[in-house]
Protein chains: 2
Amino acid sequence: MVIQYKDKQYFTSKDLALSVIGGRWKIAIIWCLLHETPLRLSEIQKKLPDANQRMLIRQLRELEEDKIITRYVYPVVPPKVEYKLSEVGLLLEPVVTSICNFGDQFMQTIEQEADSTLVD
Amino acid sequence: MVIQYKDKQYFTSKDLALSVIGGRWKIAIIWCLLHETPLRLSEIQKKLPDANQRMLIRQLRELEEDKIITRYVYPVVPPKVEYKLSEVGLLLEPVVTSICNFGDQFMQTIEQEADSTLVD
DNA sequence: TGCAATACTGACTCTTTTGTCACTATGAAC
DNA sequence: GTTCATAGTGACAAAAGAGTCAGTATTGCA
């Protein structure tokens, strides 16, 4: 089975999934939008202060292209644009949740190790 | 909260998780080891023919460093080395599963779209 | 002697991703 | 007419990641 998507070939649906969520800030953006929605660019920036604006916009554009998020532009000045997860985007909730859970568990094992190193 | 791990700082456990699973072949390797274990390098190579050996070894080394997999070397010639998921590595099962599920669902939406494009 | 099998390393290049900087547009308020 | 706020783009530099190629070690066997 070969999946053709956006000029690339993917051999498993898993690889396809990774191409969608694989970007420095994408999981973080989706996480934000799962917790509060809709969000404006300026609000996402506040929640992810380490990502610069240019980078965030790029990731948002890619997510939009993949139809993970929707973008609604209000015809006002100064501009107002709202981002929210699409129906397909909401399907990523289990992915984000399981990553968070693993992160917590992994962190605990690191801390335990640090503790036992101190004890030695 | 700041997590120090391997000379880097992570601001959330989610970022830490991503640093562990974020490598071109890591999810694929973990997927293989969830389905069949233990596996030798040569067996993993057969299952992931698009990854070259050097690359696989690098990813395996990193996973080993993060204690996601264990590596057992048999003292024989020619060499025999077995890889399997550690206890911590097994915690990644929900992550891999949810990514696969999302991949399948995402693929369906793409296919539906392709169908409707044909209909138009 | 020379080759086979397996796992692995070093040094390098190439590509992709990420980050930075300066810049644009709009209309209202002062 | 200058300034503000918001969202955005273009062009480039830097860094990280991925991929390639040639080479190592071991021991048994023909």
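Keep in mind that the numbers below use all heavy atoms, side chains included, and drop hydrogens, waters and symmetry copies. These numbers were taken from a predicted model, which means no experiment stands behind them. Reminder, nothing fancy here: chain letters follow the sequence lines and each chain counts from 1.
- The existence of a salt bridge linking A:Asp104 and B:Lys14 is excluded, since no basic side-chain nitrogen approaches an acidic carboxylate oxygen closer than 4.0 Å.
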- Determine, stepwise, if the pair B:Leu34 / B:Leu90 fulfils side-chain contact (heavy atoms from CB on, under 4.5 Å). CA-CA 8 Å; B:Leu34 279 169; B:Leu90 285 169; 4.2 Å; yes
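- Neither B:Leu60 nor B:Tyr74 shares a network with the other; the hydrophobic side chains, linked directly or stepwise wherever heavy atoms of I, L, V, M, F, W or Y lie under 4.5 Å apart, form separate groups for each.
- In this structure, B:Met55 places its CE atom 16 Å from P of C:dT15, rounding to the nearest Å.
- With A:Gln9 contributing its side chain and A:Gln4 its backbone, the two residues share no donor-acceptor pair below 3.5 Å.
- Among residues two or more places apart in sequence or in another chain, the salt bridge (charged side-chain N to carboxylate O under 4.0 Å, His left out) test is passed with A:Lys80 by none.
- Between B:Glu113 and A:Lys67 a salt bridge is recorded (basic side-chain N to carboxylate O distance below 4.0 Å).
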At a cut-off of 3.5 Å, list every protein nitrogen or oxygen paired with a nitrogen or oxygen from nucleotides 28-30 of chain C, distance to 0.1 Å.
none

- Passes ring pair (Phe, Tyr, Trp, His ring centres under 6.0 Å), B:Tyr10 versus A:Phe106? Steps please. CA-CA 13 Å; B:Tyr10 300 94; A:Phe106 186 74; 9.4 Å; no
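- Checked by distance alone, A:Arg24 brings no side-chain donor or acceptor within 3.5 Å of a matching partner on the base of C:dG19.
- Under the 4.5 Å side-chain heavy-atom criterion for Ile, Leu, Val, Met, Phe, Trp and Tyr, A:Leu39 and A:Val76 are members of distinct hydrophobic clusters.
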Close N/O contacts between protein and nucleotides 6-9 of chain C (under 3.5 Å):
{"residue": "C:dT6", "atom": "O3'", "partner": "B:Arg40", "partner atom": "NH2", "Å": "3.1"}
{"residue": "C:dT6", "atom": "O3'", "partner": "B:Pro79", "partner atom": "O", "Å": "3.1"}
{"residue": "C:dA7", "atom": "OP1", "partner": "B:Arg40", "partner atom": "NE", "Å": "3.0"}
{"residue": "C:dA7", "atom": "OP1", "partner": "B:Arg40", "partner atom": "NH2", "Å": "3.2"}
{"residue": "C:dA7", "atom": "OP2", "partner": "B:Ser42", "partner atom": "N", "Å": "3.1"}
{"residue": "C:dA7", "atom": "OP2", "partner": "B:Ser42", "partner atom": "OG", "Å": "3.1"}
{"residue": "C:dC8", "atom": "OP1", "partner": "B:Arg71", "partner atom": "NE", "Å": "2.7"}
{"residue": "C:dC8", "atom": "OP1", "partner": "B:Arg71", "partner atom": "NH2", "Å": "2.4"}
{"residue": "C:dC8", "atom": "OP2", "partner": "B:Tyr83", "partner atom": "OH", "Å": "2.7"}
{"residue": "C:dC8", "atom": "O5'", "partner": "B:Arg61", "partner atom": "NH2", "Å": "3.2"}
{"residue": "C:dC8", "atom": "N4", "partner": "B:Gln53", "partner atom": "OE1", "Å": "2.8"}

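- One interatomic measurement links the two molecules: CG of A:Leu56 to P of C:dT17, which rounds to 17 Å at whole-angstrom precision.
- Here the CD atom belonging to A:Glu111 is positioned 7.5 Å from the CD1 atom belonging to B:Ile3, to the nearest 0.5 angstrom.
- Between its two ends, the helix from C:dT1-D:dA30 to C:dC30-D:dG1 turns its axis by 40°, counting five pairs per end and rounding to 10 degrees.
- Side-chain atoms of A:Asn101 and A:Ser98 include no donor-acceptor pair closer than 3.5 Å.
- No salt bridge links A:Glu82 with A:Arg71; every basic N to acidic carboxylate O contact stays at or beyond 4.0 Å.
- Counting only residues at least two apart or in different chains, salt bridge (Lys or Arg N to Asp or Glu O under 4.0 Å) contacts with residues 27-39 of chain B comprise B:Glu36-B:Lys47.
- Between the NZ atom of A:Lys6 and the P atom of C:dT16 there is a distance of 14 Å, rounded to whole Å.
- If you walk DNA chain D from 5' to 3' and mark each nucleotide with an atom closer than 4.0 Å to a heavy atom of chain A, the marks span D:dA5 to D:dA11.
- Side-chain contact annotation: A:Glu93 with A:Thr97, donor-acceptor N/O pair under 3.5 Å present.
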